[in-house]
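Notes follow the structure.
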Amino acid sequence: MSLAVLASRALFGLQARPVQVEVHVGAGLPTFSLVGLPGAGVRESRERVRSAILSCGFEFPAGRITANLAPADLPKESGRFDLPIALGVLLASGQVADAQGRSPDVRHYVLAGELSLTGALVPADSALAIALAVARDDPDATLIMAPPAAGIAALVPGLRVLAASGLDQVVAHFAGLEPLPPAEPATLSGASGPVPCMADVRGQAAARRALEIAAAGGHSLIMTGPPGVGKSMLAQRMPGLLPPLSRWQALEVAAVQGLVSPLRALPVQPPFRAPHHGASMPALVGGGAHPRPGEISLAHHGVLFLDELPEFDRRALEALREPLETGTVTVARAAGSCHFPARFQLVAAMNPCPCGWLGHPRQSCRCPQERIARYRAQVSGPLLDRIDLHVNLAIEGAWHEAPAGESSVAIRTRVQAAHRVQLDRQGSLNARLDAPGLVAHGALDAPGRVLLARTVEAWGWSARATQRILRVARTLADLQGMPGIGVAQLAEAIQFRPDAGAPRPGR
Ligand SMILES: [Zn+2]
């Protein structure tokens with residue numbers, strides 16, 4: 001054989017796209033060229049591949065060697081192509097054959113790993129992202145990686161992963177001399193830190209209710225109230241109200257986290273991310289020359305808490321609109337755009353005015369009217385319009401005398417039951433119910449229809465705002481195990497619209 005074709009993966013965002021590694025060995029003056037838009041790392045790969053082949057006791061062929069990484073328009077920035085290139089050189093020069101002298105079948109193998117000069121394999125980074133993509137695309141595929149990355153890849157259910165520590169072992173496997181062992185799934189501690197409990201929150205009945213509804217239907221929530229009223233305390237308790245992550249969700253969350261830091265534990269609880277309002281646009285939504293996921297992607301399948309919402313960079317806030325609708329974020333780059341998952345639940349908090357004391361019974365607010373207007377206008381109408389639940393919190397007089405609240409465990413039981421109802425009925429949570437889904441599952445009783453028609457007319461609500469109310473009302477009915485939506489659920493849902501507390505209707 002003078003041509004060998006092997007499969008690998010290039011990482012672009014969280015997408016591990018297929019790369020075909022073609023190696024041709026022909027007659028002519030000895031050269032070794034690598035084509036297919038190689039980055040600096042791939043150019044260095046030539047030196048590592050040559051040394052590794054010689055160190056393992058093979059011959060480096062004295063001819064024209066061409067290695068092509070296809071497709072050419074895909075940026076490739078890692079040494080993980082060393083292994084397929086080196087194996088390709090050995091296959092194409094006839095140095096790997098089985099006992100009958102035949103060239104081995106390398107279809108359905110995906111190889112990833114950087115080689116050291118001695119031929120030892122360096123574990124590939126982002127193993128989980130690669131493994132998830134391979135498992136999704138080709139159920140027959142076998143992934144070859146170095147431990148401990150191989151063990152992390154082996155966490156993906158149903159994926160065959162073989163562990164190899166060096167080029168010589170990979171060659172022995174394909175020559176039929178010594179099969180590579182299946183990788184042992186990594187034992188990662190699944191422990192999450194202690195999650196604070198709702199029992200610590202005294203009073204604030206409306207906000208507690210809003211939090212439960214948000215958790216039950218996957219709804220986004222904004223809390224407005226003076227400093228010290230307990231907005232952050234409530235937000236931090238949100239993950240404890242949500243069901244634990246499923247296996248696939250945990251792997252997806254870990255794959256995103258694995259792009260920014262080494263993986264140490266498989267998460268159990270939904271993630272909770274609370275970036276500071278000074279966070280830059282790339283830190284929040286993702287970006288950079290080698291695109292990295294932002295906070296909204298690190299909050300995938302979990303909660304993104306934005307405290308002091310109007311203080312965030314306005315452009316960054318506008319960039320939240322797309323992921324709030326689609327569950328993914330697109331990061332545009334010169335080399336093309338890449339996508340990160342970002343199906344987070346937004347919990348936001350803000351003060352009623354820049355000083356925070358507006359409407360407070362004892363403190364006095366001295367903010368001029370136009371400053372208050374400017375402060376609130378920092379958060380655009382279209383973004384606020386995408387938040388399902390709006391709740392106002394006030395300082396409560398005798399909060400310390402209020403009895404301890406219900407525990408997170410008790411609330412989570414109701415939330416989980418409501419999740420089951422929604423997933424059985426429509427395959428998604430109510431927050432993601434589309435217009436046809438709302439027609440099918442959001443039927444109102446007769447008094448409810450009258451109330452909705454009157455309210456929509458009085459407040460001049462858009463179709464989008466009306467749909468949000470129906471989604472919240474659907475969740476309220478699900479919390480009570482009701483097949484249809486009653487007027488009481490609709491009325492409660494209306495209370496959570498931003499204009500419900502405004503002084504006069506219509507705009
Ligand atoms: Zn003020």
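Counting convention: from 1, in listed order, for ligands and their atoms alike. Atom set for the values below is all heavy atoms of this structure, side chains included, hydrogens, waters and symmetry mates excluded.
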Exercise. Quick one: does Val229's side chain get under 4.5 Å of Met223's, heavy atoms only?
Worked result: no

For this session: Could you list the residues that satisfy salt bridge (Lys or Arg N to Asp or Glu O under 4.0 Å) with Arg273, not counting sequence neighbours?
Result: Glu295

Exercise. Can you tell me if CD on Gln369 sees more than 12 non-hydrogen neighbours from other groups inside 6.0 Å?
Worked result: no

For this session: Decide if atom CD of Glu184 counts as having more than 12 heavy atoms of other residues, nucleotides or ligands within a radius under 6.0 Å.
Result: no

Exercise. Is Arg414 salt-bridged to Glu406, going by a charged N under 4.0 Å from an acidic O?
Worked result: yes

Problem set entry | Pair Glu492 + Arg209: basic N to acidic O under 4.0 Å | yes

For this session: Please report how many protein N/O/S atoms lie under 2.8 Å from the Zn ion (ligand 1).
Result: 4

